[in-house]
Amino acid sequence: MRYSRALIPTVKEDPSDASNVSHVLLTRGGYIRRVGAGMYDFLPLGLRVLRKIEAVVREEMDRAGALEILMPALLPAEYFKETGRWDRFGDTLLRLKDRKGGEYLLGPTHEEIVTDIARREIRSHRDLPKNLYQIQSKFRDEPRPRGGLLRCREFLMKDAYSFDANEEGAKQSYELMRKAYCRIFDRMGLTYRMVAADSGAMGGSTSAEFQVLADSGEDAIVACKACSYAANVEVATVAAPSSAVVGVQDKRGEEVHTPGHGSIEDVTKFLGVTPRAMLKSLLYVAETNVVMAVVRGDHEVNEIRLARELGVSEVFLASEADVRRSTGAAVGFAGPVGFKGRIVIDRAAAAVKGAVTGANKTDYHVVGVEHGRDFDAQVVDIRLAMTGDACPQCGAVGGLVSYKGIEAGHIFILGTHYADAMGATYLDEAQKKKSLVMGCYGIGVSRLVATTIEQHNDENGIRWPMSIAPYHLHLVTLGKDAPLIEAAEDIYDALWARGVEVLWDDRDERPGVKFKDADLIGVPLRVTIGAKGLAAGHIELKPRAESDPKKAEFIPLADAVERIAAAVSAGKG
RNA sequence: CGGGGAGUAGCACAGCCUGGUAGUGCGCCAGCUUUGGGAGCUGGAUGUCGUCGGUUCGAAUCCGGCCUCCCCGACCA
């Protein structure tokens, strides 16, 4: 593609509405434009990247034996009513009506539709296993779209659904997908972790998230340095504390005046104790009851684990009014000693001797408190795992490390939930009717465009991995003399003939403009042809990853095509 | 849904407090000069000031309703 004929509207200034790197660079590099909240145009460059990612995903899905189909994005409501998700999905579902008042939705995911295919077309155990997938636009009325392509209301997703005769078969299908997913993310050059995750409300028995590590990620995960353990903090467990933390020993249950010091940070400074020696008491509303959750001062409550321990589906942090009502004190002064109500305490907090905690009296704390001696509470595992914690799997002390991740893929074994709800059955060898056992496997294709940039960028722009770059090579010509243009045309044609996708900046622009745009766009290899070099019989090759412009490699004109083609195929991996 | 912020030229923003008919930079167009890391000079084009209503002789500016967008939180296969 000749730049002069392309549509690559690069922008010098950061767009005002972009808050993360990928959104800024995709906009500045002329890849995407915002149409509305959570809706984007893919301009030519953006679409090329999207198609490259699709191609990688498609190749690996096909390699794993999955069969590509295409289901509609516009769906009749009846299918979602059949499984109850018409109601359960709530406001996230984009609903619409046709001229006759019939109810429809834009598909947020396609379990119902694919299960309908299965119940109509799969009848015998001989038809199994099957794995059907599609790459299709999905629609979700997100409460808050954000991050450019990272969280959209319309986005492109690859969703696959496996059908097996039994749980054992489903596990094999799941394992195939797990391997395919690893291949996909490896090929894209991403640094990621496969983590244990919350199976969600859909009743999945086995599931894993593929989290691409990036500081801008919305998900928190922990992984062990010493073994394979990795989990979303929502489900991560922590090895029980091996030794007690000792705080203030010479006092027992003494009240101290701590005027205006309600936060852990304030109190530790004011009293000269460490956060580890404090008990942080948080009040939660579980259904209609107020429950106190106590964790160590340097720990955070894992609300998902807390809800499970309490046997409810979710918990909410109590309002200021609820806190005052149940403790008789302002927020910041709650404590387990003398608290009237249910108390649960994290194992680590229960092991603190001589702790400092709130006195349930505004502006007062108690010093020298101990679980079991000064108050009673149910001991549970309710804290968020964090860097430095012991690994729950191998026990390595300080083995866990926290990361931020972007969820790029999620694989589940669903069991017979949908098959049961929709009557998707098959006949086994004994002619017995049985429910199909399903799995589902998603990859956020459009999200991956942004996710990759979150991991591959520098101060000058994007640095695409070769496998999904919009072009393999960015050819920059400096000058417009006939011999130079002819040399460029020869190389350009020869490279395309060799399968190298070349973007040729043939614009009548100053060198600085061309170099800046090249860095911003982020094509992995750059070749510069200048008058001086050409006179000396060479061109210049520089990888985008090399930030020092002086490190460019000079290549004799005669070897150029061969060398570049080799560099491209090497980069393709 | 709670809290905060913003809608003025293609983009980024100033002007608003203290009402008098719109400006800067980038980009765009033309010319001259320039040409290895976002050039210089000269000239030029471009605005329903988000929208509806109110106050006023007069509204980008003051007041009210609505819409949209962004950020933090909540939410989230």
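In this text the structure is predicted, and so the values were computed from the model without any measurement. We name chains A, B, ... by the order of the sequence lines, and we start the count at 1 in each one.
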Rounded to whole Å, the CD1-C1' distance (I8(A) to G27(B)) equals 17 Å
How long is the line joining CG of L150(A) and P of C76(B), in whole Å?
19 Å
Pairwise C1' distance for G36(B) and C32(B), with rounding to whole Å:
23 Å
Assigned partner base of A39(B), Watson-Crick or wobble definition, under 3.5 Å:
U33(B)
For RNA chain B, find the residues of residues 440-452 of chain A with a heavy-atom distance under 4.0 Å and give them by number; none if there aren't any.
C440(A)
I need the full list of salt bridge (Lys or Arg N to Asp or Glu O under 4.0 Å) pairs touching residues 526-536 of chain A, with sequence neighbours left out, sorted by first then second residue.
D519(A)-R526(A)
Whether S16(A) contacts A6(B) is assessed here as follows: a side-chain N or O lying under 4.0 Å from the phosphate OP1 or OP2. Is that the case?
no
Taking salt bridge (charged side-chain N to carboxylate O under 4.0 Å, His left out) as the definition, give me every residue that meets it alongside D481(A), ordered by chain and number, with sequence neighbours left out.
none
Expressed as a whole number of Å, how far does the P atom of C13(B) sit from that of C70(B)?
14 Å
For D91(A) and G2(B), give me the distance from atom CG to atom C1', rounded to whole Å.
16 Å
Could you measure between the two P atoms, the one in C66(B) and the one in G47(B), and give it in whole Å?
31 Å
A60(B) to C49(B) separation - C1' atoms, rounded to the nearest Å:
5 Å
E13(A) atom CD is separated from A9(B) atom C1', nearest whole Å, by 14 Å
Salt bridge (charged side-chain N to carboxylate O under 4.0 Å, His left out) filter on K480(A), not counting sequence neighbours, yields D508(A)
Show me, pair by pair, the donor-acceptor contacts under 3.5 angstrom made by side chains of residues 442-449 of chain A, not counting sequence neighbours?
unit_1, atom_1, unit_2, atom_2, d
S446(A), OG, L156(A), N, 2.9
R447(A), NE, L150(A), O, 2.9
R447(A), NH1, E407(A), O, 2.7
R447(A), NH2, L150(A), O, 3.1

Assess the side chains of Y284(A) and E303(A): does a donor N or O sit below 3.5 Å from an acceptor N or O?
yes
How does protein reach along nucleotides 32-49 of chain B, written 5' to 3' as B (base within reach of a heavy atom under 4.0 Å), S (only sugar-phosphate), or - (no contact)?
--B-BBBB----------
Quick note, R34(A) side chain, CB onward, closest among C11(B), C70(B), A74(B) is C70(B)
Applying a 3.5 Å limit to both distances, which nucleotide forms a Watson-Crick or G-U wobble pair with A59(B)?
none
Is K179(A) atom NZ crowded by more than 12 heavy atoms from other residues, nucleotides or ligands, each under 6.0 Å away?
no
Any donor-acceptor pair under 3.5 Å from T477(A) side chain to D505(A) backbone
yes
For residues 4-13 of chain A, tabulate all N or O donor-acceptor pairs below 3.5 Å that involve a side-chain atom, not counting sequence neighbours.
unit_1, atom_1, unit_2, atom_2, d
S4(A), OG, D506(A), OD1, 3.1
S4(A), OG, D506(A), OD2, 2.7
T10(A), OG1, D517(A), OD1, 2.9

Taking atom C1' in both G27(B) and G38(B), compute the distance separating them and give it to the nearest angstrom.
12 Å
Quick one: salt bridge (charged side-chain N to carboxylate O under 4.0 Å, His left out) partners of R183(A), sequence neighbours excluded?
E60(A)
Return the value, rounded to whole Å, for the distance between atom CG of D14(A) and atom C1' of C70(B).
15 Å
What's the gap between U51(B) and A9(B) when it is taken at their P atoms, as a whole Å value?
11 Å
Suppose you measure atom C1' in G4(B) against the same atom in C63(B); what distance do you get, rounded to whole Å?
22 Å
NA contact type, R151(A), heavy-atom cut-off 4.0 Å: base, sugar-phosphate, or nothing?
base
Rounded to whole angstrom units, what separation is found between the CD atom of E234(A) and the C1' atom of A74(B)?
14 Å
Here the distance between atom P of A74(B) and atom CZ of F316(A), to the nearest Å, is 12 Å
Tell me which nucleotide, if any, is Watson-Crick or G-U wobble paired with G64(B) when both distances must be under 3.5 Å.
C52(B)
Base partner of G23(B), which must satisfy Watson-Crick or wobble distances under 3.5 Å
C13(B)
Taking for each residue the nucleotide of RNA chain B with the nearest heavy atom, is it E218(A) or G36(A) whose nucleotide lies nearer the 5' end?
G36(A)
With sequence neighbours left out, what residues match E218(A) under salt bridge (charged side-chain N to carboxylate O under 4.0 Å, His left out)?
R146(A), R151(A)
Using purine N1 to pyrimidine N3 plus N6-O4 or O6-N4 for Watson-Crick, or N1-O2 and O6-N3 for G-U wobble, both under 3.5 Å, which nucleotide pairs with A45(B)?
none
Walking RNA chain B from its 5' end, the first of M39(A) and T109(A) to be reached, judged by nearest nucleotide, is M39(A)
Pair Y418(A), R85(A): side-chain N/O donor-acceptor within cut-off below 3.5 Å
yes
Think T92(A) has a side-chain N or O under 4.0 angstrom from the OP1 or OP2 of C76(B)?
no
Could you give the CG-to-P distance, from D17(A) to G50(B), as a whole number of Å?
17 Å
Could you tell me how far U24(B) sits from G15(B) if I compare only their P atoms? Round to whole Å.
15 Å
